[in-house]
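Naming: A, B, ... by sequence-line order, numbering from 1 per chain. Being a predicted model, the structure only gives us computed values, none of them experimental.
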Protein chains: 4
Amino acid sequence: MKQKRPKYMQIIDAAVVVIAENGYHQSQVSKIAKQAGVADGTIYLYFKNKEDILISLFKEKMGQFIERMETDIQKKPSAKEKLLLLIEEHFRMLAQNHHLALVTQLELRQSNLELRQKINEVLKGYLNMLESILADGKKTGEFRQNLDVRLARQMVFGTIDETATTWVMNDQKYDLPALAENVRDLLLNGIHQS
Amino acid sequence: MKQKRPKYMQIIDAAVVVIAENGYHQSQVSKIAKQAGVADGTIYLYFKNKEDILISLFKEKMGQFIERMETDIQKKPSAKEKLLLLIEEHFRMLAQNHHLALVTQLELRQSNLELRQKINEVLKGYLNMLESILADGKKTGEFRQNLDVRLARQMVFGTIDETATTWVMNDQKYDLPALAENVRDLLLNGIHQS
Amino acid sequence: MKQKRPKYMQIIDAAVVVIAENGYHQSQVSKIAKQAGVADGTIYLYFKNKEDILISLFKEKMGQFIERMETDIQKKPSAKEKLLLLIEEHFRMLAQNHHLALVTQLELRQSNLELRQKINEVLKGYLNMLESILADGKKTGEFRQNLDVRLARQMVFGTIDETATTWVMNDQKYDLPALAENVRDLLLNGIHQS
Amino acid sequence: MKQKRPKYMQIIDAAVVVIAENGYHQSQVSKIAKQAGVADGTIYLYFKNKEDILISLFKEKMGQFIERMETDIQKKPSAKEKLLLLIEEHFRMLAQNHHLALVTQLELRQSNLELRQKINEVLKGYLNMLESILADGKKTGEFRQNLDVRLARQMVFGTIDETATTWVMNDQKYDLPALAENVRDLLLNGIHQS
DNA sequence: GATGAATGAGAATTCATTCAT
DNA sequence: GATGAATGAATTCTCATTCAT
């Protein structure tokens, strides 16, 4: 397994640091190699090409997160609680790793379309989990019966993503996880006076 | 005035077509010039550099849209109607100009951070308008009294943007403006069973 | 005659100013036109091309100087006095026109070989005058009988030119004409203890 | 050490040939790379940029020459002999390497001011050596007691340089080193009848 | 497995000159 | 004569990837 080889994660972690510190377009393979403490050529023993580093980076970091999430979420009895947990953990993950937050919310989005489509593949697991929560809530009667699950998923994800991006663009200077409950309530109840 | 010079808009329109058809990174200045029917050098009589074409593109197209919006929105009596109009017009603009939709939702986001920050400057007008609607609705009692306007703005914009991006990534194959009312209702009432 | 047309000299004088202030490689035709107060295209009514401006510049300025010199020098009875006058007037001309000094000693030398060869054509009048003085002095017995006139001319011109260039590169901050007599004596008597 | 790397000198030698054969402004990096038998990109492993090739070229070639000179000159007992040796070796160096002569006397002078100032830095070693000889000769009583060393240096260098340049512009068709003694005597004794 | 020197394709921009008005 | 908008050719440098050691 890739993950077993120590240099694999070493290079991925180096890539996160280098991209966060230098920006996407100033993150040459040689810089990543230097940060990882390996030769340029060594990179290509572990990754097919530069793009593969970036996809793997996203896969590893987001993959770990999604796995943890799926376990944690099952423990929650209601869809509402599951939704809150999802938002909280998402925000917490970003807040706990400032470098990673910068890389996923800003830098990696500068990549070309092809790469971004591959990144979206990885995101699918996350989006599926989100749709499951919404569909479950609909089934249990917690959420509206006429809920358009796909549209609702776009609202939830769009809101989380926009909130996180705004936070990163403001130099992460306020407490993002603290917003989780407000965000969840807004998504649940909308902006309308009830 | 820049806008009065016919070649200025000619080049911007050419840039939209070229970027939509070739992708951001394959849109060389010479390609844009050719599409616009001018010499490469002529571009530089109207724009400082390549980046300036892209910023101007966004400014012109989004600027026009925001101006139209501001006029139209004032005619609507309630915040709820204003919000619907904003979503509708946003979706309609994208649906009416497939090239522009592709460029603004996908291609232009591949630009470097510096350029994206300049694009965000242009977006500020839009976001301010959105915050005004939300603040107004709060004042008139249409929206919750405890509404966090900034968070709500992030939800509304994030939802619109994510919905539009998903539509573009699905090759614009369904009717985006038709979703406007659903989106508005979701934003107003949330996903919760009321 | 070219010289009769006022814009001709206007453009040449503008070129001197522009080159002195911006450097040779930053002296675009459009800059010279602007400084001269004419349109870019007007330049080409008076000059064949950009190179022609520069050659004409040198021809006009150096030509005037050589004419004046030839008259003045004839008045001097001895070769030694003629030589002193030549050095003095050369240095005085440069000291009186700082812009021109900068242009002829430094900037114009950055031009390509072809242009420099044409400039050398103009210099020929000057070098011939210098050789005449040397040949005369030899004939009258003032200078060595075995003097290699061509070599001596290279020494005299090389010394004058190097002295002037050093002075310009030192920002013209000392009194160049004041050196004339020393230079003449050095050329006459050499560095050897007599 | 740079000099130990074979490709470093390979590229510099290629640059001399290319510039001599094509002229300064027609010497593209790709031409130099081709002549050196390396890829364009390889140039940039050894030189910061194109200008750096040219400065290094001058430094290496003139540097070697100055070092050799300093050793040889110390062996000569008198200032007069030192001066003769300096002129002889300078002329011999140029005569032995026609390409280099062309490059240093004509082509490199077309470079911009900034580059020429860097080239002048290299020349300083040469000029200092020359001033030392003059100052020494003054001290030992060989040269005039009232000699203005700086002015004398300008005469000597100006004469050497002008003589060499004239020779190059006349297609190097006569024996330059054969002129050395005449030049030295002219510099020592001047043009005046003694 | 690890290295790192070498490769070479690819693109924005400037500016002398023209010519329709 | 005068204008100035338009032209379009031409070149440095970067960096992902390879492969001989």
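Nearest heavy-atom pair, D:Ser111 versus D:Arg116, reported as atom, atom and distance to 0.1 Å: OG-CG, 3.1 Å. B:Leu100 and B:Val16 get closest at one heavy-atom pair: N-CG1, 3.8 Å. Scanning all heavy atoms of the two residues, the minimum distance from D:Phe47 to D:Asp52 falls at CA-OD2, 3.4 Å. Counting all heavy atoms, side chain and backbone alike, A:Ala20 lies closest to A:Leu102 at O-CD2, 3.4 Å.
In this structure, D:Glu51 atom CD and F:dT11 atom C1' are separated by 16 Å, rounded to whole Å. In this structure, the CD atom of B:Gln10 is 16 Å from the P atom of F:dA5, given to the nearest Å. The distance between atom CG of D:Leu45 and atom C1' of F:dC15, rounded to the nearest whole Å, is 11 Å. Between the P atom of F:dT11 and the CG atom of D:Asn22 lies a distance of 11 Å, rounded to the nearest Å. Atom CG of B:Leu54 and atom P of E:dA12 are 10 Å apart (whole Å). Between D:Lys48 atom NZ and F:dT12 atom P there is a gap of 16 Å when expressed in whole angstrom units. The distance from atom CG of A:Asp40 to atom C1' of F:dT14 is 14 Å, rounded to the nearest whole Å. The separation between D:Asn49 atom CG and F:dT14 atom C1' is 13 Å, rounded to whole Å.
When each of B:Gln35, B:His99, B:Lys61 is paired with B:Asp13, the side-chain hydrogen bond (donor to acceptor under 3.5 Å, both in side chains) condition holds for B:Lys61 and for no other.
For the residue pair A:Gln28/A:Asn22, the side-chain donor-acceptor check at 3.5 Å is not satisfied. Counting only N and O atoms by type, the side chains of C:Gln10 and C:Tyr46 include no donor and acceptor under 3.5 Å apart.
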When you look at D:Tyr24 and C:Asn112, which way does the side chain to side chain contact (heavy atoms under 4.5 Å, CB included) test go after all the steps?
CA-CA 8 Å; D:Tyr24 181 78; C:Asn112 61 47; over 6 Å; no
Practice prompt. Walk me through it: do B:Phe58 and B:Leu123 pass the test side chain to side chain contact (heavy atoms under 4.5 Å, CB included)?
Written response: CA-CA 9 Å; B:Phe58 199 80; B:Leu123 262 185; 4.2 Å; yes
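In terms of position on DNA chain E, the residue among D:Gly37 and A:Ile43 whose nearest nucleotide sits closer to the 5' end is A:Ile43. Positionally, the nearest nucleotide of DNA chain E for D:Ala39 lies more toward the 5' end than for the other of D:Ala39 and B:Lys50.
For A:Thr42, counting side-chain heavy atoms from C-beta on, the closest listed nucleotide (F:dT3, E:dA2, F:dT12) is E:dA2.
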Would you tabulate the nitrogen or oxygen pairs shorter than 3.5 Å linking the protein to nucleotides 19-21 of chain F?
none

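Note that CG of B:Leu57 is 12.0 Å distant from CD1 of B:Ile11, once rounded to the nearest 0.5 Å. Rounding to the nearest 0.5 Å places CG of D:Leu113 at 11.5 Å from CD of C:Gln26.
In DNA chain E, consecutive stretches of 3 or more Watson-Crick or G-U wobble pairs with both distances under 3.5 Å are given as paired ranges: E:2-21 with F:2-21.
Annotation: proximity of residues 25-32 of chain C to DNA chain E (heavy atom, distance under 4.0 Å) is found for C:Gln28, C:Val29, numbered in ascending order.
Between A:Lys7 and E:dA2 there is a side-chain polar atom (N or O) within less than 4.0 angstrom of OP1 or OP2.
Although no hydrogens or angles enter the test, the distance criterion places a donor-acceptor pair under 3.5 Å between the side chain of C:Ser27 and the main chain of C:Gly23.
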